[in-house]
> 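Take this structure first; my questions come after.
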Number of protein chains: 2
Amino acid sequence: MAYQSESLIAQAREIREASGVSQRALSERAGLTQSHISQIESGKLEPGLSSFIDMTRALDLELMLVPKKLVPAVLGLVKAQAMPDMHIHAGQPNDKRFARAERLVKKMKHLYGSSADLDRIEDTIRFLRRVNLSDQEMQLVRELIARLERYQASAQAAPVVHDIAQNLQRLRNSLAHAAPSEPRPAYSLDDGDADA
Amino acid sequence: MAYQSESLIAQAREIREASGVSQRALSERAGLTQSHISQIESGKLEPGLSSFIDMTRALDLELMLVPKKLVPAVLGLVKAQAMPDMHIHAGQPNDKRFARAERLVKKMKHLYGSSADLDRIEDTIRFLRRVNLSDQEMQLVRELIARLERYQASAQAAPVVHDIAQNLQRLRNSLAHAAPSEPRPAYSLDDGDADA
DNA sequence: CGTCCCGATACAGAATAATGCATCATTCGT
DNA sequence: ACGAATGATGCATTATTCTGTATCGGGACG
C-alpha cells in the first residue's frame with residue numbers, strides 16, 4: 001500500500017534473492033517469521049522501522065540517512081562496488097540453535113526493555129553464526145546461550161546477561177583477528193528512479 | 001526501546017533541529033501529528049517504516065540501503081558535504097494550505113489504497129511548498145487542491161485525481177527549470193559508532 | 001506579566017503490525 | 001514420481017502504532 005517504502009523493500013528483496021537466501025532463512029536470522037517477511041515483500045504489509053532494519057541487517061545491509069542532494073553520488077558508489085561473486089554464508093547445522101538464541105534475545109528485549117548488553121549479545125550472535133566455529137568454540141557458545149535461557153526470567157538476570165555479553169564479545173574479538181577469507185556480495189542494488 | 005533504529009532516529013532529530021524545523025512544522029510537512037513525532041524522537045514509540053520515511057523526506061533526506069562494507073565510504077561522502085550555512089525554507093503563510101492538502105492525500109491513500117497518481121500528487125506538493133510561488137501559480141495550486149477536496153469521496157474520483165496529478169506535475173516541471181537559488185544544508189550528519 | 005511557540009504527555013479509539021501455526025501450489029533436484 | 005524446500009495465504013490473538021485532540025511546563029519576546 002505504501003508507496004514510499006516500496007523501492008526500499010524491493011531492493012531488499014532483490015538482494016535477498018541474489019544472495020540465495022530464502023525467506024525462511026532470513027526470517028531466522030532476522031528474528032521475524034517467514035509469514036511476516038512474505039507479506040512485507042509482497043507489499044501486503046508495511047513493516048515497522050525496526051523490523052525492516054532487522055531484515056536488512058541480516059542481509060549485510062545498512063539503512064542510512066542521506067541528504068537528497070547526494071543520493072546520486074551514493075548510488076554511484078554503491079553500484080560501482082556491486083560486482084563480485086560469492087553469496088552470503090547460508091545455513092549450517094548450528095543455525096537453528098542460533099536462531100532460537102536470537103529469538104530469545106529479541107523476546108527479552110521487548111520484555112524487559114533493550115539494554116546495551118542484550119544488544120551486544122544480539123549483534124555478536126549474528127556475527128558468530130556466519131563464522132565456522134571449532135567444536136570447542138561452539139561448545140562455549142552453547143553454554144552461554146543455555147545460561148541465558150536459564151536466567152532469562154530471573155530477577156537477578158542483569159549481571160548474568162552482562163557477563164554473557166562480555167564472554168560472547170571476547171570470543172568474537174578473538175575470531176575477528178584470525179578469521180580467514182569469507183563470503184562477499186553478489187547483488188546489484190539498483191534503483192527504479194525516474195524523476196522529472 | 002528498539003536499539004537498532006535509535007541511531008537513525010537520533011540523526012533525524014539532530015538534522016531537524018539543526019535545520020530549525022519544529023516538530024509541529026515537520027509534522028505538517030510529513031503528514032503526521034506532532035504528538036507522534038515527539039514520541040518517536042524520544043524513543044517512546046517505534047515508528048513504522050513509512051512514517052519514518054515521511055519524516056526524513058520532509059527533511060530533505062533519503063533513506064538508503066547500503067552494503068555494510070561501504071558504510072564508511074558513504075559516511076565520508078556525507079560528512080564532507082555537510083558544511084554550509086542555510087536552513088530549510090520554513091513556514092510561509094501558505095504552509096497550512098499545503099499541510100491540509102498533504103493530509104488529505106494521505107487519508108485518501110489509505111482509504112482507497114495508494115495509486116501512482118496520489119503518490120505523484122503527494123510528492124509534488126512537497127516540492128511545491130518549498131518554492132516561492134507567484135500569485136498566479138499559487139492560485140492554480142489552490143484550485144487544484146480544492147478540486148481534489150471536492151472529489152475526494154466521489155465514485156468518479158480516479159480520472160479527476162489523475163488530471164490533478166498531471167497538472168501539478170506540469171507546474172512542478174515548469175518551476176524546476178527557472179528555479180533560482182534556494183536553501184541548503186546545515187546539519188552535520190554524524191554517527192555514534194563504536195565497534196570492537 | 002501576558003503571549004506565543006516549543007516539546008512532552010495523556011488518553012480514547014481505530015487501524016495495523018506481528019506472532020505463531022498450518023496449509024497449499026510450485027519448483028527443483030534426484 | 002517422490003520428497004524437500006520455497007513463497008504465498010489464512011487465521012486467531014496480541015501488541016503496537018497512529019490519529020485526534022487537549023493539556024502542561026518552560027523558554028523567549030514584548
Side-chain angles (χ1 to χ4, degrees), chain A residues 1-2 4-5 9-10 12-55 87 90-91 93 95-96 99-100 102-114, chain B residues 1-2 4-5 9-10 12-14 16-55 87 90-91 95-96 99-100 102-114:
Chain A
M1 288 267 177
Q4 322 106 18
S5 37
I9 293 178
R13 171 170 216 161
E14 275 168 35
I15 291 172
R16 178 185 63 76
E17 287 174 343
S19 311
V21 180
S22 77
Q23 288 184 347
R24 278 184 175 85
L26 178 58
S27 80
E28 288 174 354
R29 288 196 214 170
L32 311 171
T33 54
Q34 180 263 330
S35 144
H36 194 188
I37 292 190
S38 168
Q39 304 195 54
I40 290 172
E41 286 190 345
S42 51
K44 301 199 158 34
L45 212 60
E46 184 63 22
L49 174 58
S50 55
S51 296
F52 189 65
I53 293 182
D54 284 341
M55 267 184 67
H87 60 84
D95 256 350
K96 299 203 173 176
R100 279 217 335 177
E102 245 177 85
R103 286 250 173 163
L104 172 61
V105 174
K106 247 205 148 207
K107 187 154 287 179
M108 289 179 69
K109 273 170 80 168
H110 97 348
L111 224 55
Y112 311 123
S114 83
Chain B
M1 288 263 180
Q4 323 106 19
S5 37
I9 293 178
R13 172 172 213 159
E14 276 168 36
R16 177 184 64 77
E17 287 174 344
S19 313
V21 179
S22 78
Q23 289 183 348
R24 280 187 172 83
L26 178 58
S27 80
E28 287 173 354
R29 289 197 213 171
L32 310 171
T33 54
Q34 181 263 330
S35 146
H36 195 187
I37 292 189
S38 169
Q39 303 194 51
I40 291 173
E41 285 190 345
S42 51
K44 299 198 160 33
L45 212 59
E46 184 64 20
L49 175 58
S50 55
S51 295
F52 189 65
I53 292 183
D54 284 341
M55 267 185 64
H87 59 84
D95 255 350
K96 299 203 174 177
R100 279 219 334 178
E102 245 177 86
R103 286 251 175 163
L104 172 59
V105 173
K106 250 209 148 204
K107 188 154 287 181
M108 290 178 68
K109 272 169 79 168
H110 95 350
L111 224 56
Y112 311 122
S114 81

> Which nucleotide sits closest to the side chain of R24(A): dA8(D), dT17(D), dT19(C)?
dA8(D)
> Where is the tightest heavy-atom contact between S51(A) and H36(A), given as atom of each residue plus distance?
OG-CE1, 3.9 Å
> Side chains of K106(A) and L32(A): does their closest heavy-atom pair fall under 4.5 Å?
yes
> Given dT19(D), dA18(C), dA8(D), which nucleotide is nearest the side-chain atoms of P47(A)?
dA18(C)
> Applying a 4.0 Å non-hydrogen cut-off, can you work out what Q34(A) is touching in the nucleic acid: base, sugar-phosphate, or nothing?
base
> Whether K44(A) contacts dT9(D) is assessed here as follows: a side-chain N or O lying under 4.0 Å from the phosphate OP1 or OP2. Is that the case?
yes
> At under 4.0 Å between heavy atoms, what does S38(B) touch on the DNA or RNA strands: base, sugar-phosphate, or nothing?
base
> Of all the choices, dT9(D), dT19(D), dA18(C), which nucleotide is nearest to the side chain of T33(B) once you look at every atom?
dT19(D)
> Which nucleotide in the list dG7(D), dC18(D), dA18(C) gets nearest to the side chain of Q23(A)?
dG7(D)
> Quantify the bending of the helix from dC1(C)-dG30(D) to dC28(C)-dG3(D) as the angle between its end axes, each fitted on five pairs, to 10°.
50°
> Taking all atoms of both residues into account, what is the closest heavy-atom pair of I40(B) and I9(B), and its distance?
O-CG2, 3.7 Å
> To the nearest angstrom, how far is L32(A) atom CG from dG7(D) atom C1'?
16 Å
> Can you tell me which nucleotide in dG20(D), dA8(D), dC18(D) comes closest to the side chain of S35(B)?
dG20(D)
